[in-house]
Every structure is written in C-alpha cells, then in structure tokens.
Protein chains: 2
Amino acid sequence: MSAHLAKVANVEHSHSAPGEILRSLGVQVTAQRVAVLDAVSAHPHATADQILESVRASIGAISRQSVYDTLGTLEQVGLVRRIQPTGSPARFENRVGDNHHHIICRNCGALSDVDCAVGEMPCLTASDSHGYTIDEAEVAYWGLCPTCQ
Amino acid sequence: MSAHLAKVANVEHSHSAPGEILRSLGVQVTAQRVAVLDAVSAHPHATADQILESVRASIGAISRQSVYDTLGTLEQVGLVRRIQPTGSPARFENRVGDNHHHIICRNCGALSDVDCAVGEMPCLTASDSHGYTIDEAEVAYWGLCPTCQ
DNA sequence: TACAATTTTTGACACAGTCCAAAATCAGGG
DNA sequence: CCCTGATTTTGGACTGTGTCAAAAATTGTA
Ligand SMILES: [Mn+2]
Ligand SMILES: [Mn+2]
Ligand SMILES: [Zn+2]
Ligand SMILES: [Zn+2]
C-alpha cells in the first residue's frame, strides 16, 4: 500500500463489490485483499489466525505475514475494525462506523455485539475530556454469557 | 494465596496501612505484596514491567513472576484493577469501585482518568445484554491528547 | 522455636505479533 | 502488451507479555 492513504471508507461503499470498494479507496486490488475482506465479513470477530485459515480454504494459499499486512491496510482505510479484549488475541470485524460495542464472557471468552445504549456517537461526550479530542468511545461489557451462568 | 478468597476489599480500607488492609482481606502479608501495592498506588496506570522496576528500586529485588502473581492476587481481592487498552500491555491502578473510565491518546499512548459521564454504575445497562449478566462496563475513549493535536 | 501451608524464585516456555530482506509475483497505467 | 512500482512470499530471527512447574524461602500459628 502507498505510504500515505488519502481516502477512508464511508458506509456508502458497503454494498459494492469488494474490488470496487478497494479501488475506490486507492488500495490496489489483490486476490489476498479481497479474500481477507471476505473472510472478515463472513466471520465477524475472527482472530488473525482464523482469518488465515479461512482465506487458505478459499483461495488455497496466503502467508501469515500477508494476512497481518492486509488487516493493517484494511484497518487504515477504515474497512476493518480491530478489537482486542483482555486475554484474547486481536479480533477483526467489518462492521465499522456505527459505534457499536461488545459484551464478553469472563468465563469462556464469547463475544457478542451490543448496539450502543445511548444513541449515535453518544459516549463521545466524556464528563471531562482533559483537553483530548475524542473520536471513539470503545465500550467493553464484561460478564457471563447465558451458558456460563 | 489460598485458592478461595472470601473477602473483597471495600473502600473503607483505603486509609489503613497496606499491611493491615492485606491482613483484613485474608491475604498473607509479604514484603513483595506491600511493595507492589505501594507501587501501584504511587504510579497509577503503570504496566507490570514498570511496577517491577519500581518495586526493585524500593525493596531491592523481586521476581517478575511474583509481580504478576501479586497483581493477580490484588486484583482478586479488589484492591487493584487491571485495564488493557488495545495495543498496550495491561495497566494497573488502585482506584477501584468507582466505575471510572479512561481516555487514551492514539498518538503517544498517554492515558488519563475520566469520571463516568452518566453516574454511578451507569453503563452496566447495555441496550440488549443478549442474556449475559454484566458486572462491568469498561469504557475507553480514543483521541489525541492536548500535546499531540 | 518448629511446623505446615503459602509464597517467591528460577528458568524454561508459550503465544501473538513484528521485523527483516531478498526473490518472485502481480496490478494498474500508458 | 509492457513497465514500474506495489505487493506477496519465504523463512527465519526476534520481541514483548505473560504463564508453567519445581525447588527454595518465608509467613502465620501453635
Ligand atoms: Mn462487533
Ligand atoms: Mn484510572
Ligand atoms: Zn461464556
Ligand atoms: Zn498524545
């Protein structure tokens, strides 16, 4: 990928073909990138390793390095979001830009989406932002999943 | 530490001597534990490694393993809270039980406390808990600190 | 002080991820 | 179709964070 990326994904692209989306973001279209993007879409909250497996199943071969590179690229252009719960390797999803949150089981590590309770871009209002400019409020709910209670 | 700990810290203990606090929680008092507790108090949001350094400076020597064990013990009895921002090793603090949040600089990693905007134990109400029983809502605000803007 | 249980130390190890660098391959523009 | 730059592969070394297990030391208690 070029060192400097001008564009960032907006939600309009969501329904286009993967190749189109990538091209429109100034990202070169490769089989690996399309396959990784597909895998992330098909398996929300998958780990890099699971994506590696998934892509290998679909296009035959890809290097681990390339998976990491691609996930990084897709994250940079805003097509993929990385979440990293305590005690778990990073997980990736293509549901971006809607400020949704996650609920994680302390026992088995199960992870589910949670729509934001407050509304659109809600939590962005901290009580005292200490001079920071806030662009994201990441909420992790911790507890026990139904089967672990 | 015994396999099963009955007691959990309550805020009353905060002003007592470290040894007293530990004893009252049924935790054996050791130089290492007191020193780790002191270090966490003196350096909020420190990493395990920083705590290791700090404790070595104060009592001369401690093993890395013991720092991890102790932090785990202190967390179990509720004297210490562990937070783990994406891309950062775990950080520890002794400000517990007030459901406060954190704001993190994407550029330099600076981390500050943020009082909860909503009130006491607010975010525990997710929009849809999917059958989970929630006991904590961990909020990380992401942005740029004053000096990085 | 002596004993039993807990804690600490020690050293190896696991895991996720990064970094490297050269060679091979590929995508997109002309 | 050809070039050129971007991307991928390969294979390994390497880092940071954290864990495991057994031996040694310490704590609390009697
Ligand atoms: Mn999600
Ligand atoms: Mn804090
Ligand atoms: Zn569970
Ligand atoms: Zn900063």
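In what follows, chains carry the letters A, B, and so on, assigned in the order in which the sequence lines appear, proteins first and then strands, with residues in each chain numbered from 1. Keep in mind that what you see is a predicted model, and the values were worked out from it rather than measured.
- When all heavy atoms of Ala39(B) and Val55(B) are compared, the pair lying nearest together is CB-CG2, 3.9 Å.
- Distance, Asp69(B) CG to dT10(C) C1': 13 Å, rounded to whole Å.
- Residues Leu111(B) and Ile83(B) are in side-chain contact: their nearest non-hydrogen atoms beyond the backbone lie under 4.5 Å apart.
- Regarding Arg56(A), its CZ atom lies at a distance of 14 Å from the P atom of dT8(D), rounded to whole Å.
- Checking Val96(A), Val36(A), Asn94(A) one by one against Leu74(A), the side-chain contact (heavy atoms from CB on, under 4.5 Å) holds for a single residue, Val36(A).
- Minimum heavy-atom separation, Ile104(A) to Ala140(A): CD1-CB, 4.2 Å.
- Residues of residues 104-113 of chain A having a heavy atom closer than 4.0 Å to DNA chain D: none are found.
- Taking each heavy atom of Ala46(A) and Ile51(A) in turn, the nearest pair found is CB-CG1, 3.9 Å.
- The nearest pair of heavy atoms linking Glu138(A) to Trp142(B) is OE1-NE1, 2.7 Å.
- Within the nucleic acid shown, Ser66(A) comes within 4.0 Å of sugar-phosphate atoms alone, with no base atom in reach, counting heavy atoms only.
- The stretch residues 64-76 of chain A participates, sequence neighbours left out, in these salt bridge (charged side-chain N to carboxylate O under 4.0 Å, His left out) pairs: Glu75(A)-Arg82(A).
- Sorted by first and then second residue, the salt bridge (charged side-chain N to carboxylate O under 4.0 Å, His left out) pairs involving residues 86-97 of chain A (not counting sequence neighbours) are Arg81(A)-Glu93(A), Arg95(A)-Asp98(A), Arg95(A)-Asp113(A), Arg95(A)-Asp115(A).
- For Gln32(A), the listed nucleotide lying nearest its side chain is dT9(D); candidates were dT9(C), dT9(D), dT8(C).
- Residue pairs meeting the ring-ring contact (aromatic ring centres under 6.0 Å, His included) criterion with at least one member in residues 27-67 of chain B, sequence neighbours excluded: His45(B)-His102(B).
- Only at 4.0 angstrom or more do the heavy atoms of residues 35-44 of chain B sit from any atom of DNA chain D, so none qualifies.
- Ser63(B) approaches Arg56(B) most closely through the heavy-atom pair CA-NH2, 4.3 Å.
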*Let me have a per-nucleotide readout for nucleotides 11-30 of chain D, 5' to 3', with B, S or -, counting only protein heavy atoms under 4.0 Å.*
------BBBB------SS--

